[in-house]
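Shown next, in structure tokens, is the structure this report addresses.
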Amino acid sequence: RKRFGINTELKSFVKSTSTDLFHFHLMWMWDKNILAKEILRAGKSYICTTHAAYTPDKINSLKKRIAINSFELDYLRGAKAIHALCEEEKYILRELGLKNQIYVIPNGISDREYSLISKARKMSNPYDSSVFQICWVGRLRPEKNIDGMINALSLLPKLVLKKVKLNLVGNGSLDYERKLNDLVLKNNLSNHVEFHGSKFSAEKYNFIDKADMYLQPSFSEGVSFSLLDALACGTPTVISRQSNMNYYLKSCAFEVIEPFAEDISASILELFNDASKRDQLRSSSQALVRDSFYWPKLIDRYQKMYLEVNND
């Protein structure tokens, strides 16, 4: 590996391989730009999946602005096609001035995930079943709006709060986690917020599946795998508008809110009080995943994309 050049063996591979079309899942890393140029020099093509890396909140630092104006846009423009995870991401890419063909194919749930969910359903309940359990899974970062969820609990009626607990499954930077713990203490919520750390495989699904509510009030998202996990489990789910699931609203598989503490609190109160709504969300969410986010169906769309791009 060379700092500002391409490994000669990799360069030789690009020229000699029978591969006509390459697919990048890399953003911001300098190395991929060098490889992309070699692919084009060899008369071959590449697709890039952007993974919601170019949303306005993710390119607002000086470092990212320099990168996107000096080399990142060249990388994107050089792609024969771009793969976006949702229609909202496609809009953002067009706002950057990109003229490439853009295919929209979301993340998905595979049979392996369904197998893990089935395994999780045989596991003991990790929660106190007498309490309304809210689950969130992911990496503890500011854009995930964890502090908004914590503040939302403080706005609940006291009689409701006594029966509510927020379960945070995941980890993040120590500084941010410390800030969240301080916020919990400041609001006297130690009995209502628990940090479980990272969970994996069936254990992760056990936390999601046994929860009464899944909450994702992020300020920015692609199509979150943890959200799809919750929908596949049938856990009643509330997400922010910024979670980029707006084109699936007609499915009635989840509730959408703005990412403010008062809106989050209102959504908790609604599902806490409405068991029939929770039942409806359970049914609709599982149907949505089977219809729109099931990998065996999505693979056909990937194959179609590759054939169209390669034959163009």
Side-chain angles (χ1 to χ4, degrees), residues 107-140 144 146 149-150 152-153 156 159-172 177 180-181 184-185 187-218 224-239 253-255 264-265 267-290 293-295:
N107 288 325
I109 291 289
S110 70
D111 288 327
R112 178 181 180 276
E113 276 78 51
Y114 278 116
S115 176
L116 290 172
I117 291 170
S118 295
K119 184 176 179 181
R121 286 175 175 160
K122 299 174 184 177
M123 299 170 69
S124 60
N125 192 338
Y127 303 124
D128 176 354
S129 59
S130 67
V131 173
F132 186 81
Q133 302 286 355
I134 303 167
C135 181
W136 173 90
V137 176
R139 185 147 180 84
L140 299 171
K144 301 300 183 181
I146 313 299
M149 289 190 279
I150 294 171
L153 295 182
L156 290 172
L159 289 176
V160 173
L161 179 60
K162 286 181 179 180
K163 301 177 182 179
V164 171
K165 189 168 187 178
L166 173 62
N167 298 275
L168 302 171
V169 180
N171 55 26
E177 196 164 340
L180 294 175
N181 274 289
V184 170
L185 292 173
N187 289 301
N188 298 313
L189 293 170
S190 297
N191 293 328
H192 304 285
V193 180
E194 185 167 353
F195 294 84
H196 293 276
S198 295
K199 304 295 178 184
F200 303 98
S201 193
E203 187 178 14
K204 176 191 73 173
Y205 284 106
N206 194 32
F207 274 86
I208 297 171
D209 184 64
K210 302 293 197 309
D212 298 293
M213 175 182 183
Y214 188 84
L215 191 51
Q216 182 181 285
S218 305
S224 162
F225 278 115
S226 56
L227 169 59
L228 296 182
D229 289 338
L231 296 175
C233 286
T235 305
T237 297
V238 173
I239 63 175
F254 49 85
E255 296 277 277
I264 299 169
S265 184
S267 71
I268 294 171
L269 188 59
E270 179 190 10
L271 288 189
F272 177 87
N273 286 322
D274 194 342
S276 63
K277 182 66 177 179
R278 298 199 300 271
D279 289 341
Q280 178 266 306
L281 289 172
R282 286 189 185 97
S283 175
S284 299
S285 62
Q286 292 178 86
L288 173 63
V289 173
R290 285 290 188 184
F293 297 99
Y294 184 44
W295 269 121

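Starting from 1, each residue takes its place in the sequence as its number.
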Stepwise, does the side-chain contact (heavy atoms from CB on, under 4.5 Å) test hold for Tyr294 with Asp111? CA-CA 8 Å; Tyr294 184 44; Asp111 288 327; 2.5 Å; yes
About how many Å separate [atom2] of [Y] and [atom1] of [X], when rounded to the nearest 0.5 Å?
X	Y	atom1	atom2	answer
Ile146	Leu180	CD1	CG	6.5 Å
Trp136	Ile208	CH2	CD1	11.0 Å
Ile264	Ile150	CD1	CD1	10.5 Å
Glu255	Gln280	CD	CD	7.5 Å
His192	Asn187	NE2	CG	11.0 Å
Leu231	Tyr214	CG	OH	9.5 Å

Between the main-chain N or O of [Y] and the side-chain N or O of [X], is there a donor-acceptor pair closer than 3.5 Å?
X	Y	value
Ser226	Val137	yes
Arg121	Cys233	yes
Glu203	Phe200	no
Ser285	Arg282	yes
Thr235	Ala211	no
Asn181	Glu177	yes
Ser118	Tyr114	yes

Charged N to carboxylate O under 4.0 angstrom, Asp212 versus Arg278? no
Measuring only between side-chain heavy atoms, which start at C-beta, is Phe132 closer than 4.5 Å to Leu271? yes
Are the side chains of Thr237 and Met213 in touch, meaning some heavy atoms are under 4.5 Å apart? no
Do you know which two heavy atoms are closest between [X] and [Y], and how far apart they sit?
X	Y	result
Cys135	Phe207	SG-O, 3.8 Å
Leu168	Phe195	CD1-CE2, 3.5 Å
Leu153	Leu161	O-CD1, 3.7 Å
Asp274	Ser276	OD1-OG, 2.6 Å
Gly170	Leu140	O-CD1, 3.8 Å
Ile117	Tyr205	CG1-CD2, 3.5 Å

Only one of Ile268, Leu166, Val193 passes side-chain contact (heavy atoms from CB on, under 4.5 Å) with Met149, and that residue is Leu166
With sequence neighbours left out, what residues match [X] under side-chain contact (heavy atoms from CB on, under 4.5 Å)?
X	answer
Asn125	Tyr127, Ser129, Lys210
Asn191	none
Ser130	Asp128

When you check the side-chain N and O atoms of Asn167 and Gln133, is any donor under 3.5 Å from an acceptor? yes
Does a donor on one side chain and an acceptor on the other come within less than 3.5 Å for Ser267 and Glu270? no
Would Leu228 and Glu113 satisfy side-chain contact (heavy atoms from CB on, under 4.5 Å), going step by step from the backbone distance to the final call? CA-CA 10 Å; Leu228 296 182; Glu113 276 78 51; over 6 Å; no
Checking Phe254 against Gln216 for the side-chain contact (heavy atoms from CB on, under 4.5 Å) test, could you report, in this order, the C-alpha distance in whole Å, the side-chain angles of both residues, the deciding distance, and whether it holds? CA-CA 11 Å; Phe254 49 85; Gln216 182 181 285; over 6 Å; no
Before giving the answer on side-chain contact (heavy atoms from CB on, under 4.5 Å), spell out for Phe272 and Lys163 the whole-Å C-alpha distance, their side-chain angles and the decisive distance to 0.1 Å. CA-CA 9 Å; Phe272 177 87; Lys163 301 177 182 179; 4.0 Å; yes
